[in-house]
There are 2 protein chains.
Amino acid sequence: MSATTDRFLRPLLRRLQSTATFSDTVIRTFAELPITIRDFEPGQDILRDGDRPEHCAMVVEGWVCRLKLLPGGGRQIIAFHIAGDMPDLQSLHLGVMDHGLSAVTPATVALIPHDALREQTARRPELAALLWRETMIDAAMFRGWLTAMGRRTAYGRAAHLFCELYLRQRAVGLAEANLCPMPLRQTDLADAMGLTAVHITRTIGALRRAGLIDLQARALTIRDWDGLCRVAEFDPSYLHLKGVAD
Amino acid sequence: MSATTDRFLRPLLRRLQSTATFSDTVIRTFAELPITIRDFEPGQDILRDGDRPEHCAMVVEGWVCRLKLLPGGGRQIIAFHIAGDMPDLQSLHLGVMDHGLSAVTPATVALIPHDALREQTARRPELAALLWRETMIDAAMFRGWLTAMGRRTAYGRAAHLFCELYLRQRAVGLAEANLCPMPLRQTDLADAMGLTAVHITRTIGALRRAGLIDLQARALTIRDWDGLCRVAEFDPSYLHLKGVAD
DNA sequence: CGCCAAATTGAGGCATCTCAAATCCGGTGG
DNA sequence: CCACCGGATTTGAGATGCCTCAATTTGGCG
């Protein structure tokens with residue numbers, strides 16, 4: 001197996017195995033996909049609203065985000081993605097991007113040509129079902145965020161996001177006990193939560209003073225997981241992770 | 001073809017044809033699915049958070065909504081669905097419901113057994129791709145709502161929801177020119193937009209006074225479509241309808 | 001060591017909420 | 001056909017969460 005394929009396969013399988021069960025045949029199919037790998041700078045666009053991409057991306061390393069820009073200047077981050085995620089899987093069957101994709105940190109991304117992926121999913125129902133399931137989880141996470149935006153206060157919303165990002169990283173082996181990377185600037189957090197950077201500062205300060213978390217040096221420390229979950233009204237079932245009964 | 005099958009097929013095809021192109025073989029496959037039909041009262045639960053359904057639903061008639069309830073009493077409506085929509089397609093591959101499904105109006109729903117649907121999608125890649133695409137659009141609509149919640153004021157958010165609900169109904173032949181059913185109570189609108197029923201009253205009043213819409217007798221009249229779109233910062237591409245270039 | 005971006009703090013303003021009262025409306029019984 | 005009832009909508013007034021703008025501090029990095 002080539003080094004490129006290995007870099008691609010390792011995070012992908014880690015991610016898929018955190019939510020689903022599948023056969024070695026599927027793994028072999030992944031291994032044969034003609035992928036290429038590209039690096040991006042922080043803030044660099046990977047795909048723009050309106051693009052018609054010819055391949056799907058998978059995050060090999062670093063963080064990327066999906067975002068929608070409004071004519072009036074509004075900026076809404078709709079998802080963060082880490083190693084193993086496929087942030088634009090929908091481009092396989094929806095021609096036009098209805099949002100953008102950019103690197104948050106320095107990021108390495110594997111590109112899978114649409115035609116190869118279409119051919120393989122048409123040939124292998126198990127593969128199609130597995131990736132279809134990923135789309136379903138994508139939608140489930142939007143539901144989680146939507147509920148956070150609509151019915152949680154800034155305080156609970158921030159707690160909720162930290163719960164999610166910690167659990168997702170832990171599920172793919174990127175977190176230690178009560179500690180995980182958190183490379184987001186307060187601007188990013190603000191645009192993800194529909195708040196202002198200023199208010200994010202105050203909100204994080206409140207979470208810290210409540211003894212729930214610490215946030216420094218691009219890392220999140222969970223000081224009181226149960227307390228954080230309570231404040232967040234956090235129910236991890238929307239992540240559809242294997243460990244959490246599905 | 002049985003009357004039951006006909007009631008099921010007509011709205012489903014209308015919906016699918018509004019966004020995608022597909023073969024007669026797929027239609028025949030749909031026609032052979034062993035569906036059953038059930039009626040629901042307004043407010044009645046169709047599926048609850050935590051359920052493990054054995055079939056997918058398709059709306060034959062009426063409106064249903066999907067919603068998430070928070071332990072603290074919060075209630076967030078995450079989607080409205082009309083005839084032809086499949087509001088719990090994700091239950092095909094995600095075991096547990098992470099949200100509920102209830103009838104908004106008196107509603108008729110067709111139930112498609114999971115095993116039949118799994119068998120047919122495994123056998124027919126075109127069918128799988130078509131429904132997978134529906135899941136992708138589902139996710140796209142959540143992105144649209146998420147952005148509305150995060151970065152639009154109550155005024156723009158309401159305008160946005162009305163734009164969407166009008167276009168979606170028109171796409172499946174349920175709207176006349178500048179007029180469509182709108183059977184939602186202000187409580188429903190409030191829970192969908194993350195606002196209060198009281199504030200919905202004031203917001204709709206403002207839209208009316210601005211000469212953009214009228215809302216009475218469970219019907220929405222569009223008085224100024226361009227103006228409404230401008231206020232909403234509405235870009236219909238997230239609906240991935242055929243008419244709107246995809 | 002100094003620079004620039006990011007984070008923090010303060011003060012005043014506005015959008016939306018809460019609570020409470022009044023009115024409207026659709027359906028039902030007389 | 002009218003009177004009534006309960007749920008839905010509307011209106012008012014005061015409270016609050018988050019925003020805006022502006023100034024200051026911190027921290028990573030050349």
Side-chain angles (χ1 to χ4, degrees), chain A residues 41-44 63 65 70 72-77 103-106 148-162 181-210 213-220 231, chain B residues 41-44 63 65 70 72-77 104-106 148-161 181-210 213-220 231:
Chain A
E41 297 297 315
Q44 192 180 349
W63 287 44
C65 71
L70 297 183
R75 175 186 151 101
Q76 178 67 45
I77 291 179
V104 173
T105 67
M149 295 288 277
R151 288 301 181 210
R152 272 181 258 254
T153 179
Y155 190 63
R157 213 181 296 171
H160 195 267
L161 183 60
F162 291 135
M182 188 56 57
L184 306 172
R185 288 165 311 156
Q186 303 208 338
T187 308
D188 301 321
L189 290 170
D191 287 340
M193 298 190 212
L195 298 168
T196 306
V198 171
H199 200 62
I200 290 287
T201 298
R202 307 196 213 266
T203 304
I204 288 176
L207 286 170
R208 177 181 297 122
R209 280 191 304 280
I213 61 162
D214 258 322
L215 194 55
Q216 49 186 313
R218 328 254 108 184
L220 170 71
V231 160
Chain B
E41 299 295 316
Q44 191 179 350
W63 287 44
C65 70
L70 296 182
R75 175 187 151 100
Q76 179 67 45
I77 291 180
V104 172
T105 67
M149 295 288 276
R151 289 301 181 210
R152 272 181 259 254
T153 179
Y155 190 63
R157 212 181 295 171
H160 195 268
L161 183 60
M182 189 54 58
L184 306 172
R185 288 165 310 158
Q186 303 209 338
T187 307
D188 301 321
L189 290 170
D191 287 340
M193 298 190 212
L195 299 168
T196 306
V198 171
H199 199 61
I200 291 286
T201 298
R202 308 196 213 266
T203 303
I204 289 176
L207 286 170
R208 178 183 295 123
R209 279 192 304 280
I213 61 162
D214 259 321
L215 194 53
Q216 49 186 313
R218 328 253 107 183
L220 169 72
V231 160

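Worth knowing before you read on, the calculation uses all heavy atoms, side chains too, and leaves out hydrogens, waters and symmetry mates.
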A.B. asks: Given that A/Leu195 and B/Gln186 both sit by DNA chain D, which one's nearest nucleotide is further toward the 5' end?
C.D. replies: B/Gln186

A.B. asks: Can you check whether A/Thr196 has a side-chain N or O nearer than 4.0 Å to OP1 or OP2 of D/dC19?
C.D. replies: yes

A.B. asks: OG1/B/Thr187 to CD1/B/Ile200 distance, rounded to the nearest 0.5 angstrom?
C.D. replies: 9.5 Å

A.B. asks: Hey, could you give me the CG/OG1 distance between A/Leu189 and A/Thr203, rounded to the nearest 0.5 Å?
C.D. replies: 10.0 Å

A.B. asks: Expressed in angstrom and rounded to an integer, what is the separation of B/Arg218 atom CZ from C/dC25 atom C1'?
C.D. replies: 10 Å

A.B. asks: Across the strands shown, which category fits B/Ile200 at heavy-atom distances under 4.0 angstrom: base, sugar-phosphate, nothing?
C.D. replies: nothing

A.B. asks: Tell me whether the OP1 or OP2 atom of C/dT16 has a side-chain N or O from B/Thr153 closer than 4.0 Å.
C.D. replies: yes

A.B. asks: I need the CG-C1' distance between A/Asp191 and C/dA6, as an integer number of Å.
C.D. replies: 14 Å

A.B. asks: Take atom CZ of A/Arg208 and atom C1' of C/dT8, then tell me their distance rounded to the nearest Å.
C.D. replies: 11 Å

A.B. asks: Could you give the distance from NE2 (B/His160) to CE (B/Met193), rounded to the nearest 0.5 Å?
C.D. replies: 11.0 Å

A.B. asks: Kindly say whether B/Pro106 contributes a backbone atom to a donor-acceptor pair with the side chain of B/Glu41 at under 3.5 angstrom?
C.D. replies: no

A.B. asks: In whole angstroms, how far is the P atom of C/dA15 from the CZ atom of B/Arg157?
C.D. replies: 13 Å

A.B. asks: Please write out each protein N/O paired with an N/O of nucleotides 24-30 of chain D under 3.5 Å, distance rounded to 0.1 Å.
C.D. replies:
none

A.B. asks: Return the value, rounded to whole Å, for the distance between atom CZ of B/Arg185 and atom C1' of D/dA8.
C.D. replies: 9 Å

A.B. asks: State the CD-CG distance between A/Gln186 and A/Leu215, to the nearest 0.5 angstrom.
C.D. replies: 7.5 Å

A.B. asks: Measure from CZ on B/Arg209 to C1' on D/dT10 and round the result to the nearest Å.
C.D. replies: 11 Å

A.B. asks: Give, for atom CG of A/Leu184 and atom CD1 of A/Ile77, the distance between the pair rounded to the nearest 0.5 Å.
C.D. replies: 7.5 Å

A.B. asks: Can you identify which nucleotide, out of D/dG12, D/dT20, D/dC19, has its nearest atom closest to the B/Val198 side chain?
C.D. replies: D/dG12

A.B. asks: Where do A/Arg151 and B/Ala190 come nearest, in terms of heavy atoms and distance?
C.D. replies: NH2-O, 3.1 Å

A.B. asks: Rounded to whole angstroms, how far apart are CE on A/Met149 and P on C/dT16?
C.D. replies: 13 Å

A.B. asks: Using whole Å, report how far CZ of B/Arg202 lies from C1' of D/dT9.
C.D. replies: 12 Å

